[in-house]
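Here is how names work: the chains are called A, B, and so on, in the same order as the sequence lines, proteins then strands, and each is numbered from 1. Keep in mind that this is a model prediction, so the values were computed, not measured.
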Amino acid sequence: MADDKENLQEAETGDEESGAKQPVVGPDGLTRKDRMKIKRHGMPEQTPEDRVRNFSSVVLGYDDETAYAEAQRCLNCKIPRCIDGCPAEIDIPGFIYAVLENDLEKSYRILKAANALPAVCGRVCPQEAQCELTCVLAKKSPVAIGRLEQYVAEKMLDHYEKEPPEIEHVPITKEKVAVIGAGPAGVTVAMDLKRMGYDVTIFEALHKPGGVLNYGIPPFRLPRRILNAELNTVAGMGIHVRCNIVFGKTLTYDDVMAQDFKAVFLGTGAGLPSFMGIPGENSNGVYSANEYLTRVNLMEAWDFPNADTPVFVGKHVCTVGAGNTAMDSARVSLRMPGVENSYIVYRRTKDEAPARREELHHAEEEGVIFKFLTQPIEVIHDDKNWITALKCIRMELGEPDESGRRRPVPVPDTEFTIPCDTLLMAIGQRPNPIAMRSIPGLGITRWGTVTVDEETMMTEVPGVFAGGDVTVGASTVIMAVGHGKKAARGIDAYLSGLRG
Amino acid sequence: MPMAMPEPNTIVYKKRLSPNTVRIEVVAPLVAHKALPGQFIILRVHGRGERIPLTIADSDPEKGTITLLFQEVGASTLQLGLIEEGGKLHDVVGPLGHPTPIKNYGTACVVAGGLGTAEMYPIARALREAGNRVVTVVGARRQDLLVLLEEMESVSDELIVTTDDGSFGRKGVVTEPLKELVDDGKVDFVITCGPVIMMKFVAAATRDAGIPTFASLNPIMVDGTGMCGACRVSLGGVTKFACVDGPDFDAHQVDFELLMMRQKAFCEFEKRALEQWLAAHPERAQTWQQ
C-alpha cells in the first residue's frame with residue numbers, strides 16, 4: 001500500500017529524486033500527469049451477432065495506434081506492483097516501455113525472457129485478477145496489460161512468419177531432462193531449462209502439442225495459427241518434442257531413467273472428466289465437456305466432413321457447470337450449425353460462477369441462456385437411448401460450505417424438465433492417473449493430484465517434479481506457467497546439487 | 001548388409017484377406033516392445049484424420065513391428081485401406097488399455113466373431129503359453145469373413161469354426177458349440193470378442209453356470225487415454241471407461257444393450273462421410289461391397 005502511494009504520488013508530482021518537482025518525460029514526450037489523463041482503450045471485438053456464426057477470434061486486437069496510446073498509460077512505476085500479480089514474473093513496465101520506444105522486437109524479447117507463451121497468455125490469462133488487479137491504476141482503470149501483451153506477441157509472431165528470427169541457440173552443457181506433457185506447464189519448464197543448457201525432451205500423449213490449449217480452448221478464444229506459431233518458437237529452440245507417447249504406457253519412468261534422463265517433470269494436466277452420476281447420463285447425446293471440446297477443437301469436428309471426426313449437436317444444448325470450460329462448451333455450441341438454444345445449467349448463482357467475468361460476459365452477449373439455481377437430477381431419453389430432456393430441481397442458497405460459498409439446497413417439489421437433445425457435462429476435471437502410476441512413491445491427494453514442495457515443485461520422489469493442473473486440479477494457464485518457472489529453477493538446483 | 005529399418009509408422013507388409021478386410025504390419029518399435037495381449041493402438045491416416053482404435057493382433061519386438069487387422073466399413077478405414085506397403089500412417093500411439101488377465105484357468109474357451117479374431121489371437125496364444133487347454137470357437141457370417149484361422153489353429157488345442165450360412169465349418173452361431181462345452185462342464189474360463197450382440201449371447205450362455213467370462217469391448221473412442229469418456233460402458237450400473245478401465249470386462253456385468261445403442265451414436269455422420277468418400281473415389285467404390 002505504501003508503495004502504491006509512493007508510485008501514485010510520484011506520478012502526480014514528478015520524480016522526487018531529481019530534487020525539483022519536475023515532470024519525468026518518456027520517449028513519447030508525455031509526463032506522468034499526462035499519462036493519467038489517458039483513458040483505458042477498449043478491445044475491438046466482432047459483434048455478438050457476427051461472431052456466433054464463425055470460429056474466428058472474438059477479439060480483434062489493438063491496432064498500432066491504439067496499442068501505442070494504451071502503452072502511454074503505463075506510469076513505469078519505480079516499484080511495479082503489476083509484476084507481483086504476474087505468476088510468470090514478466091517485466092511488465094519494461095515490455096510496455098519498449099512499445100513506447102517503437103521497439104517491438106525488444107518488447108517481445110522481454111516477454112519471452114519470462115514467458116514461453118505470451119501470445120497465449122495475452123489472450124487467456126485472467127489479467128483482471130492478476131497484473132491488472134495489482135496495477136497502481138487498478139482503482140480507476142488499470143493499464144490493459146493483457147491486451148498489450150497480446151498485441152506485441154501477435155505482431156512479432158506475424159513478423160517472424162515472414163522473416164524468421166535468429167534461432168536462440170544455447171549449447172547443451174547439462175543433463176537430459178524429460179518433460180511429460182506439452183501443455184503450458186511443460187512447455188515453460190522446457191524453455192527455461194533449455195536456456196540453462198539442459199537437453200530437454202517433451203513427451204506428449206496426443207498427436208499435437210499444446211495440451212489443453214489445443215484440445216480445450218476453442219479457436220475463437222485462441223486461434224490455432226497463433227497457438228501453433230507460439231509452440232513452434234519453443235520447438236525451434238532445439239527442444240525435442242515427441243508426440244504420440246503416452247507416458248506410463250508407451251514409455252515408463254524406468255525407461256526414461258534407463259535412457260539417462262536425470263530428472264522428470266510431470267505436467268500432465270487435469271484431463272479426466274467428471275460425470276454427475278445421475279440416471280440416464282450414458283444416453284446418446286450426453287458428452288463430457290472434454291469429449292465435446294476435443295472433438296471440435298483438437299479434431300476440428302466443426303469442419304466435418306472436411307475433417308474426418310464428427311460431433312453430434314442437436315437444436316437445444318444444455319451445459320452443466322459455470323466454469324471456463326462450461327462457457328467454452330456453451331459458446332462452441334452457439335457456433336455449431338442447427339443449434340437454436342444453448343443453456344448453462346448451474347446449481348448456484350452468477351455470483352458464485354467460477355468462470356472468468358469476461359467469459360461470462362461474452363457468453364451472455366452471444367445469447368447463452370443461464371439457468372441459475374438449477375440442479376440436474378436425471379437425463380430423460382427415448383427407447384433408442386437418445387436424450388430428450390434434462391430433469392432438474394430448483395435450488396436455493398443456504399449456509400456457507402467449506403469453500404465459503406453458500407451451499408445450494410434443493411427446494412422441495414420444484415422438479416421441472418428442460419427439453420434438450422445434447423447435454424455437456426462441464427463439472428470439473430481431475431488429473432489422469434496413467435503417468436503417475438508409472439512412478440512409484442508419488443504422493444497423491446484424495447483429489448488425485450500430485451503433492452509437491454511448493455518452492456521447488458519436487459514431488460516425494462527425488463528428481464521427479466510436477467506442476468500445473470496435475471498438482472492443483474483444473475486451474476489457469478498462467479498458474480501452469482508460474483509452476484513451470486519454479487520447477488525449472490527447482491530442477492536446476494537439484495541437478496546442480498547432484499553435480500556437487 | 002542388413003537393411004536399414006524403415007521409419008516409424010511405415011507399413012512394411014500388407015495383405016488383403018477378403019474384399020474388405022486387410023492385414024498390415026506397421027513399424028512401431030516402442031509399441032511393439034510394450035504390447036501385451038488385449039491392448040490396442042490408435043492411429044490416424046492423415047493430419048485431419050479420425051483417431052481410429054485397433055487391436056494389436058500381434059507384435060514383434062525384435063523387428064519393431066505390430067500387426068493390425070481392419071475392415072473397411074467407413075470413410076476412415078477405406079482411407080487406411082488405400083495406403084500401400086512403404087506408405088506411412090500419420091500417427092500411431094499405444095499400447096493402450098489394460099492387458100488381458102492371463103493365467104492358468106484350466107480349460108479356457110476363446111470365442112471370436114469376425115474381426116474379433118484379431119483381438120483373440122494373441123490372447124489365445126498367451127493363455128496356451130500359461131498352461132491352459134485352449135478351445136477356440138471362431139464364427140463369421142460367411143467363409144470369406146473368417147480371418148486368422150491358421151494362426152488360431154496353431155495356438156488352440158481344439159478349433160471349432162461356425163458360419164451363419166454354413167459356407168465353412170459348422171452351420172450356425174458360436175454360442176451353440178459354446179453351450180455344448182458349458183453343458184459338458186468342460187470350461188473354466190471364457191473370453192470373447194466380436195459383434196456386441198454375439199458377446200451378449202456368449203455372456204448369457206455362461207451366466208447360469210457361473211463360468212468367469214470376459215468380454216473385450218469396442219465402444220466409440222476419441223483419445224483412448226481416459227480424457228473424453230466417449231467409451232463409457234455400464235457394468236452392473238457403474239460407469240467405466242473402456243479405454244483405461246478395460247477393454248476387457250466381466251461379461252456378466254456388462255450392459256450390452258446400452259453399448260449397442262451407444263455404438264450407433266454417430267451412424268448418420270458415418271453414412272454421410274462414407275457416401276462422400278465413395279463419390280470421390282469411384283474406382284474403390286466399384287470394388288467395395290457393404
#### Entry: Side chain / backbone / both / neither for T250(A) at chain B, heavy atoms under 4.5 Å
both
### Query
Heavy-atom distance under 4.5 Å between the side chains of T294(A) and M227(B), does that happen here?
yes
### Message
Rounded at 0.5 Å granularity, tell me how far CG in L298(A) sits from CG in D223(B).
### Response
9.0 Å
### Summary
Ranked by heavy-atom pairs below 4.5 Å to chain A, first place among V222(B), V238(B), D255(B), V31(B) goes to V222(B)
#### Entry: Side chain / backbone / both / neither for S76(B) at chain A, heavy atoms under 4.5 Å
side chain
### Query
Do H46(B) and D308(A) touch side chain to side chain, with heavy atoms closer than 4.5 Å?
yes
### Query
Where on R232(B) is there a heavy atom nearer than 4.5 Å to chain A: the side chain, the backbone, both, or neither?
side chain
### Message
Using heavy-atom distances under 4.5 Å, tell me whether Q39(B) contacts chain A through its side chain, its backbone, both, or neither.
### Response
side chain
### Query
Does the side chain of F312(A) reach to within under 4.5 Å of the side chain of E268(B), using non-hydrogen atoms?
no
### Message
With a 4.5 Å cut-off on side-chain heavy atoms, are V93(B) and H207(A) touching?
### Response
no
### Message
So which residue, W386(A), Y215(A), F304(A), Y287(A), ends up with the most heavy-atom pairs under 4.5 Å with chain B?
### Response
F304(A)
### Message
More than 12 heavy atoms of other residues, nucleotides or ligands under 6.0 Å from CZ of R242(A): yes or no?
### Response
no
### Query
Any chance CZ of F256(B) has more than 12 other-residue heavy atoms, nucleotides or ligands included, within less than 6.0 Å?
yes
#### Entry: From CG (L30(B)) to CG (L251(A)), nearest 0.5 Å
6.5 Å
## Note on the structure
Checked C243(A), P433(A), P310(A), A205(A) vs chain B; the most non-hydrogen pairs under 4.5 Å come from P310(A)
### Task
Taking atom NZ of K14(B) as the centre, report whether more than 12 heavy atoms of other residues, nucleotides or ligands fall under 6.0 Å from it.
yes
### Summary
Bottom line for V286(A): the part with an atom under 4.5 Å from chain B's heavy atoms is both
### Task
Sort R51(B) into side chain, backbone, both or neither according to what part of it lies under 4.5 angstrom from a heavy atom of chain A.
both
### K34(B) side chain reached by T252(A) side chain, heavy atoms, under 4.5 Å
yes
### Query
What part of Q79(B) gets closer than 4.5 Å to chain A, counting heavy atoms only: side chain, backbone, both or neither?
side chain
### Task
Pick one of side chain, backbone, both or neither for D255(A), based on which atoms fall under 4.5 Å of a heavy atom in chain B.
side chain
### Query
So which part of Y292(A) gets closer than 4.5 Å to some heavy atom of chain B, the side chain, the backbone, both or neither?
neither
### Query
Under a 4.5 Å heavy-atom cutoff, which of K208(A), E300(A), R430(A) has the most pairs with chain B?
E300(A)
#### Entry: Exercise: identify the closest heavy-atom pair between R262(B) and S283(A)
NH1-O, 3.5 Å
### Query
Do you know which two heavy atoms are closest between S288(A) and C228(B), and how far apart they sit?
OG-O, 2.6 Å
### Query
I220(B) versus chain A, heavy atoms under 4.5 Å apart: side chain, backbone, both or neither?
side chain
### Task
Tell me, for H33(B) versus chain A, whether the close heavy atoms (under 4.5 Å) come from the side chain, the backbone, both or neither.
neither
### Query
What residue in P95(B), A273(B), A35(B) has the most heavy-atom pairs under 4.5 Å with chain A?
P95(B)
### Message
Need one label for N432(A): side chain, backbone, both or neither, based on atoms under 4.5 Å from any heavy atom in chain B.
### Response
side chain
### Task
Measure the spacing between CD of E281(A) and OG of S234(B) and express it to the nearest 0.5 Å.
11.5 Å
### Query
For V92(B), is it the side chain, the backbone, both, or neither that has a heavy atom closer than 4.5 Å to a heavy atom of chain A?
backbone
### Query
Top residue by heavy-atom pair count (under 4.5 Å) with chain A, among G224(B), A28(B), A230(B)?
A230(B)
### Query
For Q429(A), is it the side chain, the backbone, both, or neither that has a heavy atom closer than 4.5 Å to a heavy atom of chain B?
neither
### Summary
With chain B, the option among N284(A), T309(A), L206(A) that has the most non-hydrogen atom pairs under 4.5 Å is N284(A)
## Note on the structure
Looking only at G47(B), G49(B), G229(B), most heavy-atom pairs under 4.5 Å shared with chain A are made by G49(B)
### Query
Does any heavy atom of chain B fall under 4.5 Å from the side chain of K384(A), the backbone, both, or neither of them?
backbone
## Note on the structure
chain B shares the most heavy-atom pairs under 4.5 Å, among G277(A), P273(A), P305(A), G271(A), with P273(A)
### Query
Can the positive tip of R295(A) be found less than 6.0 Å from the middle of the six-membered ring of F266(B), inside 45° of the ring normal?
yes
### Portion of A75(B) that has a non-hydrogen atom of chain A nearer than 4.5 angstrom
neither
### Message
Is L272(A) close to chain B through its backbone or its side chain, or both, or neither, when contacts mean heavy atoms under 4.5 Å?
### Response
both
### Query
Would M261(B) and N282(A) count as a side chain to side chain contact (heavy atoms under 4.5 Å, CB included) if you check the C-alpha gap in whole Å, the side-chain angles of each, and the deciding distance to 0.1 Å?
CA-CA 10 Å; M261(B) 291 189 287; N282(A) 291 335; over 6 Å; no
### Message
Please check if the number of heavy atoms outside E340(A) that lie under 6.0 Å from its CD is greater than 12.
### Response
yes
### Query
For the atom pair NE2 (H98(B)) and NZ (K249(A)), what is the distance rounded to the nearest 0.5 Å?
5.5 Å
